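Structure, as structure tokens:
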Amino acid sequence: MPELPEVEVVRRGLARWVSGRTVAEVDVAHPRAVRRHLAGAEDFAARLKGATLGEAHRRGKYLWLPLGSVRRTLAGPAASGTAPRGVAGAPSGNPPECAPAPCDAPHQTPRPIRPRSAGQTLGGEAALLAHLGMSGQLLVQPHDAPAETHLRIRIRFDDELGTELRFVDQRTFGGLSVHESTPQDGVPVPLSHIALDPLDAAFDEAAFHTALRRRRTTVKRALLDQSLISGVGNIYADEALWRTRLHYERPTATLTRPVTAELLTHIREVMGDALAAGGTSFDSLYVNVNGESGYFDRSLDAYGREGEPCARCGTPIRRRPWMNRSSYYCPRCQRPPRASS
DNA sequence: ACGTCGACCTGTGGGC
DNA sequence: TGCCCACAGGTCGACG
């Protein structure tokens with residue numbers, strides 16, 4: 001159940017082990033894994049083949065890597081067979097560089113216009129987009145590693161590193177696809193309605209508060225609404241609400257500016273804590289490009305702790321069915337709003 | 001336009 | 001022992 005911190009760990013893994021490598025072969029083992037690529041699996045593979053994967057970006061729970069191309073994208077007179085290898089991509093035989101920023105540098109929304117490096121193909125910018133859904137993993141594995149039970153997509157590279165990228169997903173809620181990016185901000189088109197996430201330096205706190213006040217909904221629904229704020233899932237929503245002492249059914253229209261600010265602070269803190277726990281071992285090769293490291297030993301105060309004493313007041317934590325899932329809260333610290341049941 | 005809710009998936013675990 | 005169902009939950013499209 002990757003939320004933002006887990007996805008960020010994956011992004012760092014991709015930046016370290018995948019960025020800069022050129023795709024040689026793509027094998028789609030399960031069509032549902034590319035269902036967001038409307039042109040189908042064959043087109044998905046064709047779009048990737050020959051492309052060099054660029055910097056790893058993240059917004060909320062989405063990941064993407066811009067596609068450059070060492071060779072010409074269209075078959076020209078000199079395109080087949082004679083295109084030089086390793087001109088603009090990673091030098092073959094060497095570990096891919098993590099340039100230009102350190103892999104674990106705080107992510108930023110990409111600059112509006114990135115300078116093209118020599119050899120990159122002109123034309124519409126495209127990107128490989130990934131969402132892990134509920135159970136998705138991106139693994140960097142040796143070629144000869146046995147296929148995982150739920151291996152959906154395999155991407156091989158044209159270098160000599162001996163590893164490939166695998167998308168493994170038990171429940172198939174996640175998937176990969178290739179999309180054009182908007183020229184304005186370089187973000188893949190399907191993400192245009194996805195709000196910035198709270199760890200993004202450009203996140204607009206005042207605008208978020210204004211939007212909350214305008215909505216006629218409750219605070220937890222708003223936290224899970226990707227068009228208002230992205231990256232928050234059921235787990236961190238409950239945790240942040242617990243830290244802020246807010247009941248999940250509190251109408252957003254009643255939130256004051258200081259409360260919104262405190263809520264955001266707690267969202268960032270709980271995500272930061274999880275990232276610190278999950279990011280500690282991501283750089284061990286092959287294993288931890290999967291978003292799971294650190295996940296299970298995260299310390300949670302509310303989520304999943306039904307019946308256990310609240311860490312603040314000792315009152316047993318409650319679980320309530322909510323929107324076909326669950327909400328965990330302390331009935332004493334997080335009083336329900338007066339007017340609602 | 002905005003808010004709500006069910007469908008999509010599959011493995012696990014508890015209850016009978 | 002075996003079967004059934006609740007549950008996990010992010011996203012999108014349908015509906016009001």
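These numbers come from a predicted model, not from an experiment. Below, chain A is the first sequence line, B the second, and so on; all start at residue 1. Values below: every heavy atom of this structure, side chains too, minus hydrogens, waters and symmetry copies.
A straight line from CD1 of Ile229(A) to C1' of dG10(C) spans 16 Å, rounded to a whole angstrom. Remark: P of dT4(B) and CG of Leu228(A) are 12 Å apart, rounded to the nearest angstrom. One atom, CG of Leu223(A), and another, C1' of dG10(C), lie 15 Å apart when rounded to the nearest Å. Atom CG of Leu4(A) is separated from atom P of dT11(C) by 11 Å (rounded to the nearest Å). Between the CG atom of Asn234(A) and the P atom of dA8(C) there is a distance of 8 Å, given to the nearest Å. Following rounding to the nearest Å, Met323(A) (CE) and dA8(C) (P) show an atom-to-atom distance of 14 Å. One interatomic measurement links the two molecules: CG of Leu224(A) to P of dG6(B), which rounds to 16 Å at whole-angstrom precision. Atom CD of Gln137(A) is separated from atom P of dG11(B) by 14 Å (rounded to the nearest Å).
Note: His179(A) and His37(A) have tilted aromatic rings, judged against thresholds of 30 and 60 degrees for the angle between ring planes.
Heavy atoms of His30(A) sit nowhere under 4.0 angstrom from any nucleic acid atom.
The side chain of His150(A) places an N or O atom within less than 4.0 Å of a non-bridging phosphate oxygen (OP1 or OP2) of dG11(B). When the side-chain nitrogen and oxygen atoms of Arg319(A) are compared with OP1 and OP2 of dC7(C), one or more of them lie within a distance under 4.0 Å. Here Thr172(A) does not reach the OP1 or OP2 of dT10(B): none of its side-chain N or O atoms lies under 4.0 Å away. Here His131(A) does not reach the OP1 or OP2 of dG10(C): none of its side-chain N or O atoms lies under 4.0 Å away. OP1 or OP2 of dC7(C) has not a single side-chain nitrogen or oxygen of Arg325(A) nearer than 4.0 Å. Between Gln226(A) and dT11(C) there is a side-chain N or O to OP1 or OP2 distance below 4.0 Å. Between Tyr236(A) and dG10(C) there is no side-chain polar atom (N or O) within less than 4.0 angstrom of OP1 or OP2.
Nearest approach of Arg166(A) to Ala147(A), heavy atoms of both residues: NH1-CA, 4.0 Å. Of all heavy-atom pairs spanning Arg268(A) and Pro198(A), the tightest one is NE-O, 2.7 Å.
For Asn324(A), counting side-chain heavy atoms from C-beta on, the closest listed nucleotide (dA8(C), dT11(C), dG6(B)) is dG6(B). Proximity note for His193(A) (side chain, C-beta onward) versus dC9(B), dG10(C), dC12(C): the nearest is dC12(C). Comparing dG10(C), dG11(B), dC9(B) by their closest approach to the side chain of Gln170(A) singles out dG11(B). Closest to the Tyr62(A) side chain, of the nucleotides dG10(C), dC9(B), dC12(C), is dC12(C). For Met134(A), the side-chain atoms get nearest to dA8(C) when compared with the rest of dC5(B), dA8(C), dC9(B).
Side-chain contact between Ile235(A) and Glu3(A) is present, with heavy atoms from C-beta onward closer than 4.5 Å.
Annotation: cation-pi pair Arg305(A)/Trp242(A) absent, no NZ/CZ under 6.0 Å from the ring centroid and within 45° of its normal.
Between the SG atom in Cys333(A) and the CZ atom in Arg312(A) there is a gap of 4.0 Å [rounded to 0.5 Å].
Partner Lys220(A) forms a side chain to side chain contact (heavy atoms under 4.5 Å, CB included) with one of Leu241(A), Leu246(A), Asp225(A) and no other, that one being Leu241(A).
In this structure, Arg152(A) contributes its side chain and Gln170(A) its backbone to a donor-acceptor pair below 3.5 Å.
A heavy atom lying under 4.0 Å from DNA chain B marks the following residues of residues 212-221 of chain A, by number: Arg215(A), Arg216(A), Thr217(A), Arg221(A).
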